[in-house]
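Reading through the structure tokens given below for one structure.
First listed ligand is number 1; within each ligand, the first listed atom is number 1. Because only heavy atoms are used, hydrogens play no part in the values below, and waters and symmetry mates are left out as well, while side chains stay in.
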Amino acid sequence: MSDCCSVNAKSGTAPVAMACPAKGGRSKRVGMLTVKSLVRKLPLKMPNTQYYFCDASDCDVVYFAFDAEAPRFRREDLVVRIGAKETADPIPICYCFGFTRQDIWDEIRSTGKSTVAERITEEVEADRCACEVKNPSGKCCLGDVTRTAKDRLSQKKSRG
Ligand SMILES: [Zn+2]
């Protein structure tokens, strides 16, 4: 059983979302387990504070803390590429099963539809995903997968 929904003592006082100190992007809470899993090299004596995930594309900061003294982490500090911050392929969308934006686009190009969301849903239902330790947002990627496919399909339609 994962503890992703539990509230620890520190996060009890921290707001649900905060503005990123670098560019002001609205950033949501992210669990410490996610931060610890995805930051390449953790600093010694990292304080146990509430961290936030900034997904703004024009911002280099990925994680910052409620406690302003706590270290911030940038794109290069993480073991994965942050899909929301990348403009060049590969742009990861699903971090558990490795689907990229290109995979979704390729399937749409060859079959006219996208089955990635369905395939991931099956894995999620069977409890075979690991979003909390693989996705930098700490959340499930299904929303992003669905959005990416929908955007591509409507682009295709409008082009005729
Ligand atoms: Zn930011």
Side-chain angles (χ1 to χ4, degrees), residues 2-106 108 114 116-117 120-121 123-124 129-155:
S2 98
D3 66 349
C4 64
C5 301
S6 67
V7 179
N8 68 38
K10 289 283 170 71
S11 70
T13 54
V16 174
M18 269 182 80
C20 173
K23 303 243 172 145
R26 187 175 184 276
S27 307
K28 291 194 186 145
R29 280 183 187 184
V30 62
M32 192 56 114
L33 176 60
T34 308
V35 175
K36 284 179 180 168
S37 303
L38 293 174
V39 168
R40 200 183 304 274
K41 204 175 125 193
L42 289 169
L44 299 174
K45 300 191 177 145
M46 196 163 111
N48 181 20
T49 179
Q50 178 65 52
Y51 267 86
Y52 292 84
F53 171 61
C54 172
D55 68 356
S57 56
D58 62 346
C59 182
D60 230 26
V61 171
V62 179
Y63 295 133
F64 64 91
F66 179 63
D67 172 359
E69 309 275 282
R72 280 179 208 166
F73 302 103
R74 298 173 175 277
R75 294 206 295 194
E76 66 268 20
D77 297 323
L78 269 74
V79 297
V80 291
R81 285 161 70 84
I82 313 300
K85 291 183 188 286
E86 297 292 343
T87 49
D89 291 317
I91 295 181
I93 306 276
C94 165
Y95 295 83
C96 296
F97 309 108
F99 291 107
T100 64
R101 185 180 70 173
Q102 194 63 50
D103 294 327
I104 295 171
W105 286 8
D106 286 348
I108 290 175
S114 176
V116 175
I120 294 171
T121 302
E123 299 298 310
V124 172
C129 63
C131 315
E132 196 186 3
V133 294
K134 287 193 173 264
N135 191 333
S137 73
K139 304 215 165 63
C140 179
C141 66
L142 268 175
D144 297 325
V145 169
T146 308
R147 200 170 318 117
T148 303
K150 224 172 121 189
D151 287 353
R152 193 57 166 180
L153 285 164
S154 64
Q155 276 172 21

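- Crowding of Lys134 atom NZ: a count of heavy atoms from other residues, nucleotides or ligands under 6.0 Å not exceeding 12.
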Please tabulate, for side-chain N and O atoms in residues 96-103, each donor-acceptor pair with protein atoms closer than 3.5 Å (sequence neighbours left out).
from   : atom 1 : to     : atom 2 : distance (Å)
Thr100 : OG1    : Gln102 : N      : 3.3
Thr100 : OG1    : Asp103 : N      : 3.2
Thr100 : OG1    : Asp103 : OD2    : 3.3
Gln102 : NE2    : Asp106 : OD1    : 2.9
Asp103 : OD2    : Thr100 : N      : 2.9

Without placing hydrogens or testing angles, list every side-chain donor-acceptor pair under 3.5 Å for residues 63-74, not counting sequence neighbours.
from  : atom 1 : to     : atom 2 : distance (Å)
Tyr63 : OH     : Pro136 : O      : 2.7
Asp67 : OD1    : Glu69  : N      : 2.9

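- Here Arg81 pairs with Glu86 under the side-chain hydrogen bond (donor to acceptor under 3.5 Å, both in side chains) rule; sequence neighbours left out.
- Salt-bridge check for Asp60 with Arg75: passed, with a basic side-chain N closer than 4.0 Å to an acidic carboxylate O.
- For the Zn ion (ligand 1), protein N/O/S neighbours under 2.8 Å (waters excluded) are Cys20 SG, Cys54 SG, Cys59 SG.
- By the neighbour-count criterion of 12 heavy atoms within 6.0 Å, atom NZ of Lys139 is densely surrounded, having more than that number from other residues, nucleotides or ligands.
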